[in-house]
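Everything on this sheet refers to the single structure shown next.
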Amino acid sequence: MSHPDPGSRTSISSSRFVGDSSWSAPDRQARSIQEDSIGRNRTIYHPNTSTTTSILTQEGRPLGFEAHARTSDGHSQTGTDNMEGKGLGIDLTSSTSSSVVQNTSFFSGAHRFTVNNPIMVANGRLDIEREMLKLLEKKAMVDGTYNSAARYYTAPQCHPATRITLRERLIKWLLDMDREESLFWLYGPAGVGKSAISQNIMEYCTQQGIPGAGLFLSRANKRDDPNRIVPSFAHQLALAYPVYRRHISNVLSADSTILEKCLPLQFQKLIDEPADALRIDASNPTPHPILLLLDGLDECNIQEAQREFIKMLVSFASTCKVRRLPFVCIVTSRPEWQVLSTFDALGPTSGRVWHEELPMDTPEARRDVSTVLQDGFEHIKSKHSDAYSAGVEWPSLTDLQAIKHAASGNMLLASLVVAYVDDDDPTTKLELCLKSLQGKLTSDERNPFEPLTALYRGLVLSIPPTLLRTALLILYFQLLVDEDPGTYPYTDRIPAQATANFLFVEQIAFYGSLRRLRSVLSIPLPAYASLQKLVFSHTTFADYVKVVVQEGHFGLHEVDALTEIRTACIKWHHILVDRGTSEDISDVAPWAGTTSAYRIRTFLRPLLFKLWHGLPHLGNFGKLQDELEHFPFKDWPRKFIWSHRNNNLMRLARDLVANGTRSSTTSCIVRTEPLWPTDYQLIDKYAALFGQWTSEVKPLDWDSYSPSTRNDDVTLYFCSVEDPFDDGDAFDIFREIDWCPTLAYFLLGHNQNTVLVITRPTYGIDRDVYWKEAFEKIKTSHSISSTAANPCPPEKPLLCSHFYSKLNSLCSSEGGRKPYRIQSSFDLSCNIVSFIADPWHTHPHSRLKTVADILSFTTNPTEIIRLLYHHVLGDVPHEISRVAHQVLAFLVEAATGSVAVKVDDEVRTHFTRQLVCYGSMFEVVVVTENVELTVEY
């Protein structure tokens, strides 16, 4: 095309169209649009004109074009007919390009003119807004709205009869325009029902004619891009509020690349600033709230973006009341570390945030799960009325209770059960659910809870690969501990910090490995890690961890995990032995804190025996034998209490005896017959020592021992050759066993590592057995003849009968427990036996008569003890009577419970022996030159 005659050409070289009176110059905003758009190939819009025009510009160069008007002879051409671009010009007539001017009526009648560096002003408000909505729609997650087709059949629904209290409070808060908080954060473990509540709130707002914006994130469904969250909110608000839509259109007309900018700028330009257009004013006396709801914040695939959204929403919500904005924000998430820590770090700013935890295993949660299950099964029965008549109980009460127990507040699991059973063959599907919950599914049967398994698998795989093994080891350790509640003396839990230190895991690795699991695992904050333990939010996750470790799915097999934990036990044992009585382990523990040697000791021993007891079941008899042969049992602390539920040492010992497991030297690790010189030394030393306090110390009869009930619990005392057994703690042990007529023992260990294990019943013995054994002791010590059936001497049958009848009456009046059990030396029966069996009193018959007379006089235990004391003091030898009374008077006067009094050796010895006989009345500890007395109240 040849250039037109310059003489007939109109030049447009600035931001004004010269020579056309119908064309008004663009305003200041148009100039801004031009400046912002030069150098970009994009569409330029102006909202204040009546046409829509698109012009391409090219990076760094202005765009010019030439247009010709058709002449009467047809030799010239108009811009609407056959205009051809020159150089960087464009075709204004193409109907297929998005960069074509769709309305060129302002060129009508024009001819022979050139346009240089044009500013093409867009007109047509509705067209502009439509184009802006299209831009937003491309960036928005339209499948993440509460009513999207993608979520229609899978969106969780809130049963009308569940979460009633929380939903009512939420709605009241939502409608209260004078609310103090404008942001509500609901958090809880996976499967507790957070999304169902969010869905219910969005549906309520729609029913009430309160349009808002809601977005449901889901990593599994690829709705997790943080850069699409703000456009999603903006798109929904623009559809609902015209004034907001106009403002957004202006913003995007000026710079559509806002949608590609950073999150804070997106939020500022598309949410915060446009929100002022919806400000509450006096002309609207009954404003309604505008809801911004973000469900599943933790599903966002960038953790830093999660923190950013919290900061932006909290900042925005905190200004809503001052700016008179009707906006309210709801955020739901699992209690992930990055979410929790960000809210905590906001400090006073977060004071205007309503926090609410939705716990899982609570009475209300369990009731709600029960409601969902019962109504779900009733609905299924109604659909299959031809198969289930009205009177048929289905599921059975047993099956229903089993499912409720397994769900334990987990709404997701309950929903999965109902959805899975709701099938053409509900009976078969229910059986599969029950088999799965019991861990009895075969490999060819489909897992009804695969969505739950997939959730857990995704969470575990989200752990950094370098920390995955550490995480699984920590979790498996916690499983071992949780299997045996009450095993660990003096504590009902192992704090998180102690767990980390025991496994030699540093603090940064501990939290780094578990941080992604906060939705299914309660992890105490560092400030509370020395007091609180790890807690599985639901048993299904604990079961999942157990299975994946047992099968070694993620690089840690059960055999390796057990070996690492056993190795840690043995390593800590040697550390604690080397430290002696020192409690400071700060130079050894990787996580500096309050973990003490005492804390480690409380669970080291029961855990190690548990692990040893499990080795034969894994087929590792050789490994077990090797570790037992080389373990220094002689270094164990003296005393330990074992429960029938978790008495792994006694079970292990019994199994070793029963199986006859022997070492390479054909010597037994557990035995009652001595094999080595150490064995003989132990029996000679401790059988005589303990025998002074009880009637007999004899080998344990393994055939009669069955640790199956609480009454079979035993307290164990580990006695070594090197232990002098002559300090205050040793005397405490003697006081604990002085009421027990018989003790049993067995030998544990190999050669010089052997200890003598003394056992006594922790929860006492039957009263009748106690009396029989006690009087047998009296008979033996005083050479009194009697029969096995009647321990009373033949010459005193009436006295014994009278004594027994009074004693039985007294025991019944003390509580009427059947069977009555003697449990400690503080028992009244023990006081009576101590009084009668006094080895320094040569006439037990007279003491027996005294007791019978006292029981005839009173059945009040306090009065009985007082009278026994009176008789004891009356029997104190005359030569030490004065000293005895002085000491006792001083003790009573001091009322401190413990006073040391110096006396000469002869008096001390006699006085000590006299009082030791009544250990339930006085505690007497012989120290170097003093007698230490304690009055027992």
Side-chain angles (χ1 to χ4, degrees), residues 146 155-174 181 183-205 214-218 291-300 306 309-310 313-314 328-344 350 353-373 404 406-416 451-452 455-456 459 516-525 532 535-542:
Y146 86 96
Q157 298 296 319
C158 197
H159 190 284
T162 63
R163 308 298 188 193
I164 296 175
T165 303
L166 176 58
R167 288 191 289 120
E168 287 178 346
R169 288 190 293 125
L170 254 178
I171 291 172
K172 182 179 179 181
W173 169 79
L174 187 70
E181 309 94 350
L183 189 144
F184 171 58
W185 174 38
L186 179 66
Y187 64 98
V192 77
K194 302 181 297 295
S195 294
I197 292 175
S198 297
Q199 180 78 13
N200 181 264
I201 293 298
M202 289 300 300
E203 292 173 353
Y204 171 84
C205 289
L215 187 62
F216 293 76
L217 301 183
S218 171
L291 175 61
L292 291 180
L293 185 147
L294 183 58
D295 181 76
L297 172 63
D298 55 286
E299 291 287 303
C300 178
Q306 297 176 30
F309 273 110
I310 293 172
L313 289 171
V314 169
V328 289
C329 305
I330 295 179
V331 177
T332 72
S333 75
R334 299 168 187 165
E336 300 286 357
W337 167 251
Q338 66 277 6
V339 178
L340 289 171
S341 59
T342 304
F343 272 110
D344 289 342
S350 62
V353 176
W354 173 16
H355 300 71
E356 181 89 16
E357 182 179 8
L358 195 61
M360 181 170 288
D361 194 12
T362 63
E364 182 182 10
R366 289 191 290 270
R367 285 194 302 269
D368 289 346
V369 164
S370 177
T371 299
V372 169
L373 289 171
K404 289 180 181 179
S408 187
N410 190 325
M411 196 65 72
L412 175 59
L413 188 144
S415 301
L416 288 173
L452 198 58
L455 168 67
Y456 296 151
L459 289 171
R516 303 291 179 88
L517 303 178
R518 286 188 175 272
S519 59
V520 290
L521 187 71
S522 176
I523 308 171
L525 296 173
Q532 300 174 358
V535 178
F536 290 92
S537 297
H538 196 263
T539 55
T540 52
F541 180 61

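Separation of atoms OG (Ser537) and CZ (Arg518) is listed at 10.5 Å; rounding is to 0.5 Å. The distance from atom CD of Glu364 to atom OG1 of Thr162, rounded to the nearest 0.5 Å, is 9.0 Å. Atom-to-atom distance recorded for Asp368:CG and Cys158:SG is 8.0 Å, nearest 0.5 angstrom.
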* **Working for side-chain contact (heavy atoms from CB on, under 4.5 Å), residues Leu521 and Phe536** => CA-CA 5 Å; Leu521 187 71; Phe536 290 92; 4.0 Å; yes
* List the steps and the verdict of side-chain contact (heavy atoms from CB on, under 4.5 Å) for Asp298 and Tyr187. => CA-CA 10 Å; Asp298 55 286; Tyr187 64 98; over 6 Å; no
* Under the side-chain contact (heavy atoms from CB on, under 4.5 Å) criterion, do Leu186 and Leu166 qualify, and how do the steps go? -> CA-CA 10 Å; Leu186 179 66; Leu166 176 58; 4.1 Å; yes
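The residue from Ile310, Leu215, Thr332 that alone fulfils the side chain to side chain contact (heavy atoms under 4.5 Å, CB included) condition with Leu294 is Leu215.
When all heavy atoms of Gly193 and Leu358 are compared, the pair lying nearest together is C-CD2, 4.1 Å. For Leu455 against Ala190, the heavy-atom pair with the smallest separation is CD2-CB, 3.7 Å. Nearest approach of Val339 to Ser333, heavy atoms of both residues: CG1-OG, 3.5 Å. Across Ser519 and Arg334, no two heavy atoms sit closer than the pair CB-CD, 2.7 Å. What you find for Leu183 and Trp173 is that their closest heavy atoms are N-CZ2, 3.8 Å. Pairing each heavy atom of Arg366 with each of Ser408, the nearest pair is CG-C, 4.1 Å.
With sequence neighbours excluded, the residues satisfying ring pair (Phe, Tyr, Trp, His ring centres under 6.0 Å) with Tyr456 are Phe541, Tyr544.
At a threshold of 4.5 Å between non-hydrogen side-chain atoms, the residues Cys205 and Leu174 count as touching. Counting heavy atoms from C-beta outward, Lys404 and Leu373 have side chains that approach closer than 4.5 Å. Side-chain contact check for Trp337 versus Ile523: every heavy-atom pair is 4.5 Å or farther apart. Leu297 places none of its side-chain heavy atoms less than 4.5 Å from the side chain of Trp185. Leu413 places a side-chain heavy atom less than 4.5 Å from the side chain of His538. Here the side chains of Arg169 and Trp354 are in contact, with some heavy-atom distance below 4.5 Å. Contact annotation: the side chain of Val192 approaches that of Arg163 to within less than 4.5 Å [non-hydrogen atoms, C-beta and beyond]. Proximity of Phe216 to Met202: side-chain heavy atoms (C-beta onward) are separated by under 4.5 Å at one or more points.
The backbone N or O of Pro160 lies less than 3.5 Å from a partner atom in the side chain of Arg167, making a donor-acceptor pair. With hydrogens and angles ignored, the 3.5 Å screen pairs no side-chain donor or acceptor of His159 with any backbone N or O of Val369. In this structure a side-chain-to-backbone donor-acceptor pair under 3.5 Å is present from Gln306 to Cys300.
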Donor-acceptor pairs under 3.5 angstrom involving side-chain atoms of residues 194-201: please list them, not counting sequence neighbours.
unit_1	atom_1	unit_2	atom_2	d
Lys194	NZ	Gly188	O	3.1
Lys194	NZ	Pro189	O	3.0
Ser195	OG	Asp295	OD1	3.4
Ser195	OG	Asp295	OD2	2.7
Ser198	OG	Lys194	O	3.3
Ser198	OG	Asp295	OD1	3.0
Gln199	OE1	Arg151	NH1	2.9
Gln199	OE1	Arg151	NH2	3.4
Gln199	NE2	Tyr146	O	3.0
Gln199	NE2	Glu203	OE2	3.1

